[in-house]
Amino acid sequence: MRKILITNDDGIEADGLIRLARAAVEFGEVWVVAPDSQRSAMSHSVTLRHSIEAWKVDFPVPGVHAFACDGKPADCVRIGALNIVPGKPDHVFSGINYGYNTASDLQYSATAGAAFEAAFQKIHTIAFSEEACEVHEVTDRYLNEIMAELLDKPLGINQIWNVNFPGCRLAECKGILRDRQVSAEAYYVDRYNETKVSEGRISYMVEGIRNYDALEGTDLKAIFDGYVSVGIATNIS
């Protein structure tokens with residue numbers, strides 16, 4: 001039986017993680033090692049200068065072995081693959097992230113960072129993300145189908161499958177677009193608002209300005225147009 005390790009960056013109690021585990025039990029023995037709280041935008045960061053802890057937790061999906069961890073998402077993959085899952089997992093699933101992981105945002109994403117750590121460990125990996133909203137009709141319709149399709153599809157060195165589900169109603173979704181390239185544009189263009197807090201000190205708060213423009217053939221264009229985006233992302237760092 002396949003052994004599937006699941007992690008995320010939204011935390012062990014995140015709805016997306018639970019839905020991903022519920023779908024994954026159809027395909028194998030499922031282990032969850034996920035952060036004990038929110039760890040977004042940590043990229044591929046790992047803990048080196050102090051110890052991390054993991055502990056078994058109750059999980060709402062029967063048959064799933066679940067552990068919370070006080071480390072980062074990539075830490076969860078490392079201890080999950082090297083210490084917790086007996087004999088190493090066959091696959092790692094990361095997500096389902098609350099918010100798209102497309103375009104240049106991949107370099108910041110801890111969902112993608114955890115997936116790339118799995119790829120570094122030579123484990124076949126799929127990252128799943130969806131629009132940050134409460135409409136999951138498209139994800140629920142296509143999640144198992146895409147899992148089944150990608151589980152045995154090979155990847156190159158340091159590559160992951162990257163899947164993004166639009167947040168539209170199912171009736172508005174136009175289907176699946178495969179072989180999407182990672183867009184060079186950003187989903188949000190950042191700027192910083194400045195506030196003077198004292199003499200010589202200024203506070204900076206990031207504000208994301210939504211981008212509505214993307215090139216054909218990219219992950220960003222696919223989700224803008226109401227498609228599920230499926231493609232390969234490569235870690236070149």
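Any value given below was found using the heavy atoms of this structure, including those in side chains, with hydrogens, waters and symmetry copies removed. Counting from 1, the numbers follow the sequence of the chain as shown. These numbers were taken from a predicted model, which means no experiment stands behind them.
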Is the closest side-chain heavy-atom distance between [X] and [Y] below 4.5 Å?
{"X": "I126", "Y": "S94", "answer": "no"}
{"X": "L20", "Y": "F128", "answer": "yes"}
{"X": "L151", "Y": "F27", "answer": "yes"}
{"X": "Y100", "Y": "D105", "answer": "no"}
{"X": "V230", "Y": "W161", "answer": "yes"}
{"X": "F93", "Y": "I4", "answer": "yes"}
{"X": "L82", "Y": "Q121", "answer": "yes"}
{"X": "L155", "Y": "H124", "answer": "yes"}

Worksheet, complete the sentence: NZ of K72 to CZ of R78, rounded to nearest 0.5 Å, is 11.0 Å

Item to complete: To the nearest 0.5 Å, tell me how far C76 SG sits from I52 CD1.
Response: 7.0 Å

Discussion item. How close do G95 and I6 get, counting heavy atoms only, and between which atoms?
Written reply: O-CG2, 4.4 Å

Polar side-chain atom of [X] near backbone of [Y] as donor-acceptor pair, under 3.5 Å:
{"X": "E26", "Y": "A23", "value": "no"}
{"X": "R141", "Y": "L170", "value": "no"}
{"X": "D9", "Y": "T111", "value": "yes"}
{"X": "D219", "Y": "A103", "value": "yes"}
{"X": "D10", "Y": "N97", "value": "no"}
{"X": "E117", "Y": "A74", "value": "no"}
{"X": "T47", "Y": "G71", "value": "no"}
{"X": "D36", "Y": "A68", "value": "no"}

Discussion item. Tell me whether K88 at atom NZ has more than 12 heavy atoms from other residues, nucleotides or ligands lying less than 6.0 Å away.
Written reply: yes

Worksheet item: Taking atom types as modelled, is there a side-chain donor on N158 or T234 under 3.5 Å from an acceptor on the other?
Response: no

Residues [X] and [Y] bridged, charged N to O under 4.0 Å:
{"X": "R19", "Y": "D140", "answer": "yes"}
{"X": "K3", "Y": "E29", "answer": "no"}
{"X": "R2", "Y": "D152", "answer": "yes"}

Worksheet item: Mind checking whether Y142 and F165 have ring centres under 6.0 Å apart?
Response: no

Practice prompt. Check the pair N101 / S129 against side-chain hydrogen bond (donor to acceptor under 3.5 Å, both in side chains), numbers first and verdict last.
Written response: CA-CA 6 Å; N101 279 309; S129 304; 2.8 Å; yes

Worksheet entry | For E149, all residues meeting salt bridge (charged side-chain N to carboxylate O under 4.0 Å, His left out), sequence neighbours excluded | K153, R178

Worksheet item: How would you list, by chain and number, every residue that makes a salt bridge (charged side-chain N to carboxylate O under 4.0 Å, His left out) with K221, sequence neighbours excluded?
Response: E216, D225

Worksheet item: For R201 and S203, what are the C-alpha separation, side-chain angles and deciding distance, and is it a side-chain hydrogen bond (donor to acceptor under 3.5 Å, both in side chains)?
Response: CA-CA 7 Å; R201 294 176 70 94; S203 169; over 6 Å; no

Discussion item. Quick test of your reading: applying side-chain hydrogen bond (donor to acceptor under 3.5 Å, both in side chains), list the pairs with at least one residue in residues 50-62, sequence neighbours left out, ordered by first then second residue.
Written reply: none

Fill in: Test side chain to side chain contact (heavy atoms under 4.5 Å, CB included) applied to I12 and V33, L17, T7, the passing residue
L17

